Amino acid sequence: MTADTALVRIDKDRLWDSLTELGEVGAYHDEDTDLQGVRRLALTDEDIAGRELVMGWMREAGLALRRDRIGNVYARRAGEDDSLPPVLVGSHIDSVATAGRFDGCLGVLGGLEVVRTLDDNGISTRRPVEVAIFTEEEGVRFGTDMLGSAVAAGRIQLADARSQVDRDGVSVGAELDRHGLVGDVAVPIQPPHAYLECHIEQGPILAAGGKQIGVVRGVQAITWLELTIGGRAAHAGATPQHLRKNAGLAAAMITVHLNGMVESGDYGRLLATVGRQDNYPNLINIVPGNVLITVDLRNPDGEAMQRSIDDLQAYFAEVEETTGVTITSRTTARTPPVDFPEHMQDLVEKQATELGLTCDRITSGAGHDAGEIAALSPAGMIFVPGLYDGISHNPREYSTPEACADGINVLLRAVLELANS
Ligand code: HGY
Ligand code: MN
Ligand code: MN
Ligand code: MN
């Protein structure tokens, strides 16, 4: 990095304005928090509107846009030697149903801000720089998180991804085709030179430690199960206990058992969440006949994760024996723990330190596209702290203009170093 580029900083207000404007796309009033939230589930009209807004800004910045076969967008700023693999930055703009403005968006709009800043200062780079928008990172509509980046990295086959369906039976493929999102960039994509993603931490660790930047060591393992519990709907008043096949009781037993597994400490730093529960027929005077629940397991230790899955499956047999229900388990996501290369962590830490920012190394609690692209090339992540215990996947999600700018200034400097290597 030359002397004059070392003093270049991004435009904090322009970044904040773009986060604010994108946050209006898919805005809704959240009854639970009485706040304005964001709802841009993948490949819905709101997601497409968000993509169109951001791609318009990318075109205004003179970037050449391409799309791959699963609809991931790559916006390219040419390098002096355009034949070299690009430095790739980015994230996602699809959201969960009760989102804030930062999850994913900071990484995409921050990448765009890096490019705009290079242009503003007439700075060229040896390598091209590309800003990516990955499809269906959240996984809440079609059931597998990091779907787009997993296809880009070759972990999930395109046909399998296209065949995934939402709760209404609408497939990824049908939505990609409906919106005309299928591009001609083959998947898996050509490996970029390196990948960097700036993201809000989505947890309390950085703020609790008073740190401004998180140097991300890696991403913990994720397992998602969809359990279909088949019992028998029956009269709540006339059906004695011994004749019941209570799917609701089975679901409750599994939820409590999961909590016991976490509390036991037998599975390291396991986290378990039953996020979705659909009771049928869901009426006060009928024993639940059929229940669908989802299980989200997280663990930085791959061996302990596998043990928890095996033990949970064994427990299902106990529940079937005790309650007379049948339990069918479908795995909808299964990613191993991912470690980012030391040199990428050191690069992030060096740039943060040279900017005079305090930082700590941290393992990501959430899944990220970087965890997928790490299979293709050296990947790294930059975390910025959130307020209110770093709450996320909630409209209360918030970080400050200064914290966001800090993260993207680290991204700018790291990109400059990588793009001139
Ligand atoms: O589930 C996750 O960790 C990510 O937000 N998709
Ligand atoms: Mn995210
Ligand atoms: Mn998320
Ligand atoms: Mn993510």
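One is the number of the first residue; the rest follow in order along the sequence. Both counts, for ligands and for their atoms, begin at 1 and track the order of listing. Only a predicted model underlies this, so the values are computations on that prediction, with no experimental measurement involved. Scope of the values below: all heavy atoms of this structure, side chains included, with no hydrogens, waters or symmetry mates.
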Problem set entry | Non-hydrogen side-chain atoms of E303 and R307 separated by less than 4.5 Å | yes
Exercise. Is it true that the side chains of S124 and E80 contain a donor and an acceptor less than 3.5 Å apart?
Worked result: yes
For this session: Can you sort out which atoms of ligand 1 are near W224, meaning under 4.0 Å from one of its heavy atoms?
Result: 1 (O)
For this session: Indicate the ring-plane relationship of Y398 and F102, choosing parallel, tilted or perpendicular according to the 30° and 60° boundaries.
Result: perpendicular
Exercise. When you draw lines from the Mn ion (ligand 2) to OD1 of D103 and to NE2 of H92, what angle lies between them, to the nearest 10°?
Worked result: 90°
Exercise. Heavy-atom contact under 4.0 Å between H368 and ligand 1?
Worked result: no
For this session: Within a distance under 4.0 Å of any heavy atom of H393, pick out the atoms of ligand 1 and give their elements.
Result: 5 (O)
Exercise. Do any N/O/S atoms of E137 come under 2.8 Å of the Mn ion (ligand 3)?
Worked result: no
Exercise. Are any of the N/O atoms in I222 less than 3.5 Å from those in ligand 1?
Worked result: no
For this session: Could you pull out all residues at least two apart from E318 that satisfy salt bridge (Lys or Arg N to Asp or Glu O under 4.0 Å)?
Result: none
Exercise. H199: which N/O/S atom is nearest the Mn ion (ligand 2)?
Worked result: NE2
For this session: Grab the two heavy atoms, one from S308 and one from L297, that are nearest each other, plus how far apart they are.
Result: OG-CD1, 4.1 Å
Seminar exercise, completed: If we number the atoms of ligand 1 from 1 as shown, the ones under 4.0 Å from a heavy atom of D145 are 1 (O), 2 (C), 6 (N)
Problem set entry | Nearest atoms (heavy-atom pairs only) where R298 meets W224 | NH2-NE1, 3.8 Å
Exercise. Looking at ligand 1, does any of its N/O atoms fall within less than 3.5 Å of an N/O of D296?
Worked result: no
Exercise. Any nitrogen or oxygen of E137, main chain or side chain, under 3.5 Å from a nitrogen or oxygen of ligand 1?
Worked result: yes
Exercise. Any N/O/S atom, backbone or side chain, of E138 lying under 2.8 Å from the Mn ion (ligand 3)?
Worked result: yes
For this session: Any atoms of ligand 1 less than 4.0 Å from a non-hydrogen atom of A366? List them with their elements.
Result: 3 (O)
Exercise. What is the name of the N/O/S atom in H393 that sits closest to the Mn ion (ligand 3)?
Worked result: NE2
Exercise. Under 3.5 Å, is there a donor-acceptor pair between the H199 and S364 side chains?
Worked result: no
Seminar exercise, completed: Sequence neighbours excluded, the answer for salt bridge (Lys or Arg N to Asp or Glu O under 4.0 Å) partners of D311 is none
Problem set entry | Aromatic ring proximity F383/H368, centre distance under 6.0 Å | yes
For this session: Report yes or no: does R298 have a heavy atom closer than 4.0 Å to ligand 1?
Result: yes
